[in-house]
Structure formats: structure tokens, C-alpha cells
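Okay, so here's the structure we're looking at.
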Amino acid sequence: MEQYLQKAILEALTKMGVSGDQIPEIQIETPRDPSHGDAATNVAMMLAKPLRNNPRKIAEELVSTLKTDSSRIEAVEIAGPGFINFRYSDSYLYNELTDLLKEGEDFGKSSGRKGIKALVEFVSANPTGPLTVGHGRNAVLGDTVARLLEWTGADVHREYYFNNAGRQMRVLGQSVRARYLQELGKDAELPEGGYEGEYIRDIAKKLIDEHGDSLLNAEDEKVFKESAEAAIFEEIRKTLERMNIRMDSFFNEHTLYENGSIDNVLKVFREKGMAYDEDGAVWFKTTEFGKDKDTVLVKSSGEPTYRLPDIAYHANKLERGYNLCLDVFGADHIDTYPDVLNGISVLGYDKELVDVLVYQFVTLVKDGKPFKMSTRKANFVTLDELMDEVGEDVTRFFFLMRSPNTHLEFDVAQAREAGEKNPVFYLQYAHARIQSILRKVHETSDRSGESNLSLLTHDSEITLIKKLLSFPDAVELSATHREPHRLITYLNELASTFTSFYHDCRIMGVEEDLQQARANLAAATARVLKNGLRILGITAPDQM
RNA sequence: GCGCCCGUAGCUCAACUGGAUAGAGCAACUGCCUUCUAAGCAGUAGGUUUCAGGUUCAAGUCCUGACGGGCGUACCA
């Protein structure tokens with residue numbers, strides 16, 4: 001429809017003798033106030049200046065030369081300072097609704113991103129402990145944006161990047177060893193900055209079950225580290241699974257050392273004069289890109305900083321043929337992003353192919369006051385604990401309902417009591433309610449499928465149809481901005497529009513043809529709710 | 001100090017990236033269950049969009065400055 005209108009307007013403008021370079025981009029938008037029509041354009045106002053004419057005058061001329069098909073557009077009006085409003089004809093709505101019902105579980109899918117091979121990298125928490133509420137936002141955002149990209153035609157790969165070689169992991173192994181020794185009655189203390197969580201003790205106990213005290217004389221923390229990593233990753237995988245998230249691959253940073261990618265980055269950087277040695281360290285000339293200081297790539301100890309593998313990793317992704325690399329990370333990592341982009345462009349890759357979704361922090365509110373979480377200090381709420389309290393659907397919904405760009409206040413107490421009056425239930429309830437009605441309709445009537453949709457003439461019915469038809473737009477908008485909360489806003493509006501219809505128009509007990517038409521309208525609503533919830537990774541129960 | 005993000009109803013947040021009268025949900029108040037799920041609906045109240053300038057037909061949205069908050073600003077990840 002949008003394209004149809006753009007084309008019609010363009011033709012009319014040309015006919016009016018407006019030259020091509022004067023014609024602005026023709027914007028079609030949905031007015032906030034439905035009484036203004038179903039679509040509107042502001043071209044007349046945009047043209048006011050170049051044509052040196054009153055916008056309303058331009059609008060009048062445009063409307064009189066504009067040609068539209070009456071089976072699609074019923075009325076064209078001029079309003080306000082020079083808006084041109086279009087009202088869809090009912091026959092157009094009925095045709096579209098018929099298509100919606102036909103498309104069923106595919107309604108809302110589009111092919112705009114066909115040809116895009118996307119790699120979405122998210123979670124990427126090192127295996128030092130269970131996933132916490134802090135990781136939850138990352139995980140759910142990443143997965144949902146991946147789903148949005150899939151729905152709009154992209155081919156999506158989900159990847160979890162981790163590093164099991166750093167200092168963190170060494171301390172983890174030492175912590176497990178300390179607990180192992182303690183469990184066997186030996187004198188041992190956690191290392192400086194060791195992990196204090198109870199799960200460390202569990203891993204140590206498991207080691208005793210499997211190996212008895214045979215590890216007492218283990219040379220280093222290696223065996224402890226490895227078993228801790230395996231155990232923790234197993235837990236992480238289960239947690240993700242529970243949240244409806246399945247990774248396609250786990251990428252170990254170590255690979256980049258083994259296959260020479262790291263060395264290659266340094267080599268190319270040196271060749272291009274973008275890296276140099278000083279004070280025993282290797283530096284990246286980030287000042288060339290406008291930063292205050294150059295950045296260390298390899299410490300004087302010989303150990304790389306995390307920026308070096310980050311650059312190599314992104315080059316690796318592009319090397320694998322992805323033409324969209326989407327990173328999901330918290331605002332605290334924002335500063336590394338330019339370094340990575342500059343790094344890969346030094347290597348000759350197109351940095352436009354890398355995109356980033358930054359989300360603001362989750363402020364955990366416990367006992368009415370915010371508190372800092374720390375995996376190391378065992379001062380955290382795990383995602384599993386959260387899901388035990390409020391359920392998987394509520395957990396996903398909660399992380400998605402706010403713009404990624406704003407701080408998310410997570411009140412644990414409130415989440416606990418969320419139960420009945422949680423916003424996610426509003427959507428699920430609407431769906432369940434429709435299913436219940438449809439079950440009853442089927443019991444009392446043999447008729448199914450075909451119906452005369454043109455019997456749907458009540459204001460509430462027309463409003464609902466229009467809302468349903470804008471679902472693909474909501475998906476697309478959500479996908480382009482990488483902002484799932486836009487879809488949630490849409491679904492809330494849809495559910496609300498439906499309940500108004502539900503109160504205004506009875507489905508059962510009216511004349512049979514009308515009953516059938518309304519049943520189909522309700523079925524279409526259930527369909528859209530279900531499709532939307534599927535994108536969010538939330539269930540759409542048939543009963544509640 | 002410098003960089004990034006934010007500041008909207010009592011609270012938590014929207015506002016289709018510059019459009020028409022700034023909207024929802026909680027919380028408060030008033031109605032509505034002998035008929036399809038009241039986990040609901042209809043309504044009332046609540047605002048100088050932190051402040052001051054600027055840009056233009058039009059600013060919550062863009063630019064400048066101030067104030068307030070968050071996060072960075074490591075040879076930590």
C-alpha cells in the first residue's frame with residue numbers, strides 16, 4: 001500500500017510539472033490519531049519552500065490531480081497545515097484479511113533481508129559461573145533480534161564467544177582446588193580474588209565423587225579448571241535452553257591463536273604502520289582514528305589484551321562469509337567497539353558489515369534498594385533462580401519490554417509477586433480467550449473456513465482489522481531498529497483493540513453468517529498474537 | 001577533565017527517527033459479571049517533556065550551553 005501511494009503521488013507531482021530534483025522523499029506514515037485516516041503524507045509541506053507556495057494550495061492541486069483506485073482508497077482529504085490523509089476502502093481491508101488468514105503462521109514474515117547472512121554474537125559470558133540477571137538482558141535481546149532478522153528474511157547464525165585461557169579462568173581453577181582440599185579436610189584458602197559462590201563447592205564435591213582424593217597432588221589447577229569449565233558450561237547451556245535459546249556454535253578465543261589469526265593481525269598492522277613496539281609492548285595507533293591515546297595490543301608480559309583477539313575474531317567472522325555481524329553487549333564495553341571497527345578496516349574488511357546492539361545496564365533492586373552484582377563475590381541472582389520465581393515467559397518478556405537504550409530497573413521483589421498482574425499475561429490471556437471462543441464456536445457450528453468478511457462493518461471490527469494488518473510493519477520496524485520492545489508495544493495495542501471488539505461485538509448468538517465472519521476475525525487475531533509471541537520466544541497458551 | 005548514554009504523569013516506561021490534541025501500564029478514584037475467560041472493559045484525575053537559548057512551515061525528537069544521573073576513560077575482561 002505504501003508503495004502504491006508513493007507511486008501515485010509521484011505521478012501526480014510529475015503531472016503538475018514539479019521537476020524531479022524538487023520532489024522530496026515521499027513519506028507515508030500512519031497518523032497517530034485514527035480520525036486522521038489510515039495513511040498520510042507531508043509532501044505538500046515539504047514542497048512549500050522549493051515551490052514557494054502555500055502548502056495547503058499545493059495539497060489541493062495534488063489531490064485534484066491524484067488518481068487512486070477506489071477499491072483501495074476510499075477518500076483523500078487535506079487537513080491541518082497541509083497533510084494529505086488517505087482512508088482505505090473496506091474492500092481493501094477484507095482482501096488483506098483474507099490473505100492474512102491464508103498465510104497463517106507465516107503472516108508477518110517478509111523477505112526484505114533475503115541475501116543477508118547474519119552472525120549474531122551474544123551472551124559470550126566466560127564460563128566462570130552461572131548466568132545471572134545481568135546476562136539475561138543480553139541473552140534475550142540477542143536471541144529475539146536474531147528471530148526478528150529471521151522473520152524478515154535473513155539467514156541467521158547464533159554464536160557464543162568465550163575465552164577459557166585468561167586470568168579469570170586460572171583463578172576459577174584455583175578456587176575449585178581450594179574447595180576440593182577443604183572438602184577433604186585439608187588446610188586451604190581461596191586465592192586472592194577467588195570465586196566464593198556455592199557452585200564452586202558443588203564442582204569440588206563432584207570431583208571427589210569421581211576421583212576421590214587422587215587429585216591431592218595435582219601439579220597445577222588445570223584439571224580443576226577444566227572440570228569447572230565443563231560443569232559451568234553445562235549449566236549455562238541448560239539455562240539458555242530453558243530460556244528458549246539455542247546457540248548454533250560456541251567459538252573459543254583460543255582458536256584464533258591456533259590458526260594464526262592473532263599473528264596475522266599483528267603482521268598486517270605492522271606492515272601498514274598501524275602497530276609499533278614501545279616499552280616492551282605492542283601498540284595500536286588508535287590516535288590515527290582520533291583517539292586520545294594509542295592502545296596496547298600486547299602487554300610487555302607477552303600476553304595480548306582482549307582487543308587483539310576481538311579484532312581477529314571479527315575478521316574471522318567476515319572471513320566466514322557473513323555480511324552482517326551483529327554484536328550484543330552492555331554499555332560498559334562500548335569503548336572497545338571503535339577499536340574493533342578500525343582494526344578490521346586496517347585489515348581490509350568493510351566495517352559497515354559490523355553492527356552493534358548496545359543495551360544499558362540492568363539495575364537490580366533487591367529489598368527496595370539497588371545493589372551491585374559480582375559473580376566473583378557470589379553476590380548475584382541467577383537466571384535460573386529468576387525463572388523459578390516468575391517463570392520463563394515472564395523472564396523473557398521482562399527483558400524485552402524496555403528499549404535497550406534505557407536502564408532497566410529490575411525489582412526482584414516485584415518480579416516475585418508478579419504472578420497474576422504481570423503484563424505478559426495480558427497478551428497470553430487474550431490469546432487463550434480467543435481459543436476458548438473458537439472451541440465453542442466449533443461445537444455449535446459445522447461451518448468452517450469460508451465466510452463473508454464484508455459483514456464486518458462495526459467500528460470495532462474495522463479498527464481491529466486495520467491493527468492486524470499493520471503487524472508486518474511492526475515486525476519490520478522492530479527488526480530495523482533492533483528493538484523488540486516495539487513489537488511488544490504493538491502486541492499490547494492489538495490485544496487491547498481485540499478486547500474492545502470483544503466487548504462491543506458478540507461472536508456467538510448472532511446471525512450465523514456474521515458469527516462465522518467474526519470467528520474468522522478472532523482467529524486472525526489469535527494468529528497474529530501467536531506469531532508475535534513466537535518472535536518474542538514466549539508461549540501462547542490455548543487455555544489459562 | 002574528556003567520551004558515550006539517559007532525563008517525559010506519583011512510579012516504571014512509549015512516542016513509527018522532525019509531524020496534527022505527548023500516550024500506555026502500575027498506583028488513586030467512579031462505574032460494569034444470570035449470556036463467548038472480570039488475568040477484563042468504560043471513564044475521571046494526573047504534564048511548562050530538567051532548565052535556557054537556537055535551527056524551520058513544524059521540536060519530546062536536531063544544534064549550543066547549564067544542571068542532574070549512569071557507564072567508560074588500564075600493559076583488567
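Note that the structure is a prediction, hence the values are computed from the model and not measured. Sequence lines set the chain letters: A, B, ... in the order given, protein chains first and strands last, and positions in each chain run from 1.
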Not counting sequence neighbours, which residues clear side chain to side chain donor-acceptor pair (under 3.5 Å) with A:Arg137? List them please.
none
Presence of [X] side-chain N/O under 4.0 Å of [N] phosphate oxygens OP1/OP2:
X	N	value
A:Lys293	B:rC2	no
A:Lys440	B:rU35	no
A:Asn405	B:rC6	yes
A:Lys291	B:rU73	no
A:Arg506	B:rC36	no
A:Thr499	B:rC41	yes
A:Ser500	B:rA42	yes
A:Ser403	B:rA14	yes
A:Arg518	B:rC36	no
A:Tyr429	B:rA39	yes
A:Tyr426	B:rC41	yes
A:Tyr502	B:rA38	yes
A:Arg439	B:rU37	no
A:His407	B:rC71	no

Quick check, does A:His503 stack with B:rG40? I mean ring centres under 5.5 Å and planes off by under 30°.
no
Contact class for [X] (heavy atom, under 4.0 Å): base, sugar-phosphate, or nothing?
X	value
A:Glu303	nothing
A:Thr30	base
A:Asp332	sugar-phosphate

Is the ring pair A:Phe251/A:Tyr313 parallel, tilted or perpendicular, if the boundaries are 30 and 60 degrees?
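A:Phe251 vs A:Tyr313 ring planes: tilted.
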A:Arg402 side chain, from C-beta outward: closest of B:rG19, B:rC13, B:rA20
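When the side chain of A:Arg402 is considered, B:rC13 is the closest of B:rG19, B:rC13, B:rA20.
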Under 3.5 Å, is there a donor on one side chain and an acceptor on the other for A:Thr144 and A:Arg396?
yes
In dot-bracket notation, what is the pairing pattern of RNA chain B, taking Watson-Crick (N1-N3 plus N6-O4 or O6-N4) and G-U wobble (N1-O2 and O6-N3) contacts under 3.5 Å, with [ ] crossing and | for other strands?
(((((((..((((.....[...)))).(((((.......))))).....(((((..]....))))))))))))....
